[in-house]
Amino acid sequence: MDTTVVLVWIYMVVTILPTLHADRNVYPSAGVLFVHVLEREHFKGEFPPYPKPGDSSNDPITFNTNLMGYPDRPGWLRYIQRTSHSDGVLYGSPTAEHVGKATIIEIIAYNRRTFETARHNLVINVMSTEEYPLPYQAEFYIKNMNVEEMLASEVLGDFLGAVKNVWQPERLNAVNITSALDRGGRVPLPINNLKEGVYVMVGADVQFSSCLREVENPHNQLRCSQEMEPVISCDKKFRAQFDIDWCKINLVDITKMIMVHSNRLDPGTGVLPDIGGYNPPPESLKSRDFFADFLITLAVPSAVAMVLFSVLGYSMCCRREGVIQLVHHSSIQKSTKELRSMSKNREISWPLSTLPVFSQSGEVVPPIHPDNYETTSMPLMQTQTNLQNQIQIPQQQPSGKWYS
């Protein structure tokens with residue numbers, strides 16, 4: 001590691017909780033990255049060992065962190081633990097609003113083998129700094145890192161050392177770290193060792209270097225619009241360990257930002273005030289007359305239906321057009337019944353599809369009509385007088401043979 005990394009001021013609070021159930025106090029600075037590691041090794045002593053002596057204890061342990069008295073953590077504090085066999089990390093960047101306020105974080109460790117728990121408290125006392133906030137801030141997007149990998153002190157120190165060589169500031173702080181998933185990024189596919197990506201915000205007290213401003217020239221802006229990598233002269237100082245997307249770098253000059261003061265209401269603590277117990281309504285409620293509602297919902301539609309029924313009955317039974325329609329409808333029904341009764345009583349030939357082609361004796365059954373039979377003069381509805389032109393349908397005898 002370069003010796004310049006030692007000069008980099010980075011407030012990384014890497015603390016280990018003791019085995020006793022005492023509160024642990026930490027003192028981060030406002031505007032500087034705060035990191036707190038929850039190591040599994042220091043919680044194993046509070047859980048019973050493995051039943052077999054000599055076996056290495058590798059219990060799966062997970063952590064639950066929340067603000068005391070609340071179900072979640074403060075908005076500036078995040079927590080990540082990739083698996084139950086890895087350490088948990090609390091990280092974030094407190095602001096000037098949290099200076100002088102003690103934040104108590106409850107930490108509960110769960111042993112997934114024995115289902116036992118251990119509880120500790122972490123007291124965060126945010127301190128103020130004279131140089132907060134640093135006037136020049138740059139946000140880098142690193143594509144080949146996950147957030148828990150970037151939070152490691154060695155990796156973050158190497159990155160700040162590379163930034164210091166490029167920027168050459170007197171003071172350089174890590175301001176904040178954010179996972180790309182928190183910015184709307186997608187979970188990468190589990191192939192080719194792809195990473196989620198991480199945004200790292202750093203602050204300094206001097207103007208941005210010429211290398212950092214190279215991404216702002218029109219040529220590189222055009223390459224970024226075409227989804228091509230821009231040409232950055234100092235990229236080789238990062239490329240060995242960090243794959244930076246220079247098209248997503250964000251340079252912020254706080255001295256040129258216009259402060260907008262709005263008269264927003266104080267959001268408060270988010271807890272409803274205590275207004276006492278529940279006061280139910282009195283039993284002496286005013287009675288309500290539902291007769292008018294009954295008339296509107298039932299009587300009115302019934303009256304309209306009766307009027308329509310009367311109009312329809314008059315038009316069908318009392319007018320000439322309606323009587324004619326009724327007589328016509330009655331005659332149609334009478335004719336239909338007569339045709340159905342005639343069709344049941346008459347004798348007609350069997351359909352050809354129901355007759356066998358060959359008899360059981362092997363003889364071919366003669367056709368129903370002779371060759372000289374005129375089929376064009378056959379009426380559509382055959383009566384008893386037409387049956388004399390037809391050949392009698394062969395009947396099956398009890399012996400199982402067909403006779404014509």
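This one's a predicted model, so the numbers in the text were calculated from it and none came from an experiment.
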Indicate yes or no for a side-chain donor-acceptor contact from Asp59 to the backbone of Ile61 under 3.5 Å, with no hydrogens or angles considered.
no

Would a distance-only check, ignoring hydrogens and angles, find a side-chain to backbone donor-acceptor pair under 3.5 Å from Asn173 to Val175?
no

Can you check whether Asn111 reaches Thr114 side chain to side chain, under 4.5 Å on heavy atoms?
yes

Can you list everything that forms a salt bridge (charged side-chain N to carboxylate O under 4.0 Å, His left out) with Arg82? Sequence neighbours excluded, please.
Glu148, Glu196

Return a table of donor-acceptor pairs under 3.5 angstrom between the side chains of residues 289-302 and protein atoms on other chains or two or more places apart.
residue: Asp289; atom: OD1; partner: Phe291; partner atom: N; Å: 3.1
residue: Asp293; atom: OD2; partner: Arg288; partner atom: NH2; Å: 3.4
residue: Thr297; atom: OG1; partner: Asp293; partner atom: O; Å: 2.8
residue: Ser302; atom: OG; partner: Leu298; partner atom: O; Å: 2.8

Output for pair (Trp167 CH2, Gln207 CD), nearest 0.5 Å, gives 9.5 Å

Is the shortest heavy-atom distance from the side chain of Met127 to the side chain of Pro28 under 4.5 Å?
no

Any side-chain heavy atom of Tyr199 within less than 4.5 Å of one from Phe140?
no

Does the side chain of Val200 come within less than 4.5 Å of Glu139's, by heavy atoms?
no

If you measure only the distance, is there a donor-acceptor pair under 3.5 Å linking the side chains of Asp72 and Asn66?
no

Applying the side chain to side chain donor-acceptor pair (under 3.5 Å) criterion to Thr62, which one of Arg112, His85, Gln81 satisfies it?
Arg112

For Glu216, what residues pass the side-chain contact (heavy atoms from CB on, under 4.5 Å) criterion, not counting sequence neighbours?
Arg213, Leu251

Could you work out, with salt bridge (charged side-chain N to carboxylate O under 4.0 Å, His left out) as the rule, every residue matching Lys195, not counting sequence neighbours?
Glu149

Residue pairs, two or more places apart or on separate chains, that pass disulfide bond (SG atoms under 2.5 Å apart) and touch residues 137-210
none

Does some side-chain heavy atom of Ser29 sit less than 4.5 Å from a side-chain heavy atom of Thr129?
yes

I'd like to know if the side chain of Asp158 and the backbone of Val155 have a donor-acceptor N/O pair within less than 3.5 Å.
no

The complete set of disulfide bond (SG atoms under 2.5 Å apart) pairs with one or both residues in residues 66-106, sequence neighbours excluded, reads none

Is any NZ, NE, NH1 or NH2 atom of the basic residue among Asp87 and Arg40 found under 4.0 Å from an Asp or Glu carboxylate oxygen of the other?
no

Thr103 vs Val123, side chain to side chain contact (heavy atoms under 4.5 Å, CB included): CA-CA, chis, key distance, verdict:
CA-CA 6 Å; Thr103 303; Val123 183; over 6 Å; no

Can you confirm whether the side chains of Ser209 and Gln168 place a donor and an acceptor under 3.5 Å from each other?
no

Angle between ring planes, Phe242 versus Phe159, binned at 30° and 60°: parallel, tilted or perpendicular?
perpendicular

With sequence neighbours left out, write down each residue that passes salt bridge (charged side-chain N to carboxylate O under 4.0 Å, His left out) with Glu106, or none if nothing qualifies.
Arg119

Can you list the steps and then say if Leu122 with Asp23 is a side chain to side chain contact (heavy atoms under 4.5 Å, CB included)?
CA-CA 6 Å; Leu122 177 68; Asp23 295 346; over 6 Å; no

Any side-chain heavy atom of Val32 sitting closer than 4.5 Å to one from Ser93?
no

By side chain to side chain donor-acceptor pair (under 3.5 Å), which residues pair with Trp246, not counting sequence neighbours?
Asp235

Side chain to side chain donor-acceptor pair (under 3.5 Å) filter on Tyr110, not counting sequence neighbours, yields none

Might you confirm whether atom CD of Glu227 has over 12 heavy atoms from other residues, nucleotides or ligands at distances under 6.0 Å?
no

So which heavy atom on Thr65 is nearest to which on Ile107, and how close?
CG2-CG1, 4.1 Å

Before we go on, tell me: are the rings of Tyr91 and Phe34 under 6.0 Å apart, centre to centre?
no

Tell me whether Asn125 contacts the main-chain N or O of Gly100 through its side chain, where contact means a donor paired with an acceptor under 3.5 Å.
no

Are Asn165 and Cys234 packed together at the side-chain level, in the sense that at least one heavy-atom pair is separated by less than 4.5 angstrom?
no

Here's a test for you: under side-chain contact (heavy atoms from CB on, under 4.5 Å), which of Ile232, Ile244, Ile142 qualifies with Phe238?
Ile244

Minimum-distance pair of heavy atoms, taken over all atoms of Ala118 and Phe43
CB-CD2, 4.4 Å

Is Ser335 reaching over with its side chain to a backbone N or O of Ile332, donor-acceptor style, under 3.5 angstrom?
no

Listed by chain and number, what are the salt bridge (charged side-chain N to carboxylate O under 4.0 Å, His left out) partners of Lys143, not counting sequence neighbours?
Asp243

Using atom types as modelled and distance alone, determine if a side-chain donor or acceptor of Asp245 lies under 3.5 Å from a backbone N or O of Tyr141.
no

Salt bridge flag under 4.0 Å for residues Glu229 and Lys248
no

Could you go through the side chain to side chain contact (heavy atoms under 4.5 Å, CB included) check for Leu33 and Ile177 one step at a time?
CA-CA 8 Å; Leu33 179 64; Ile177 290 181; 3.6 Å; yes

Can you sort out the partners of Tyr79 under ring-ring contact (aromatic ring centres under 6.0 Å, His included), two or more places apart, ordered by chain and number?
none

Arg78 and Asp182: side chain to side chain contact (heavy atoms under 4.5 Å, CB included), yes or no, with the steps?
CA-CA 11 Å; Arg78 299 185 181 94; Asp182 298 333; 3.9 Å; yes

Side-chain donor or acceptor of Lys164 paired with backbone N/O of Leu172 under 3.5 Å:
no

Contact check, side chains of Val89 and Leu38, non-hydrogen atoms, under 4.5 Å
no

ring-ring contact (aromatic ring centres under 6.0 Å, His included) involving Phe47 - partner list, sequence neighbours excluded
none

So, for Pro188 and Leu194, which heavy atoms are closest and what is the spacing to 0.1 Å?
CB-CB, 3.8 Å

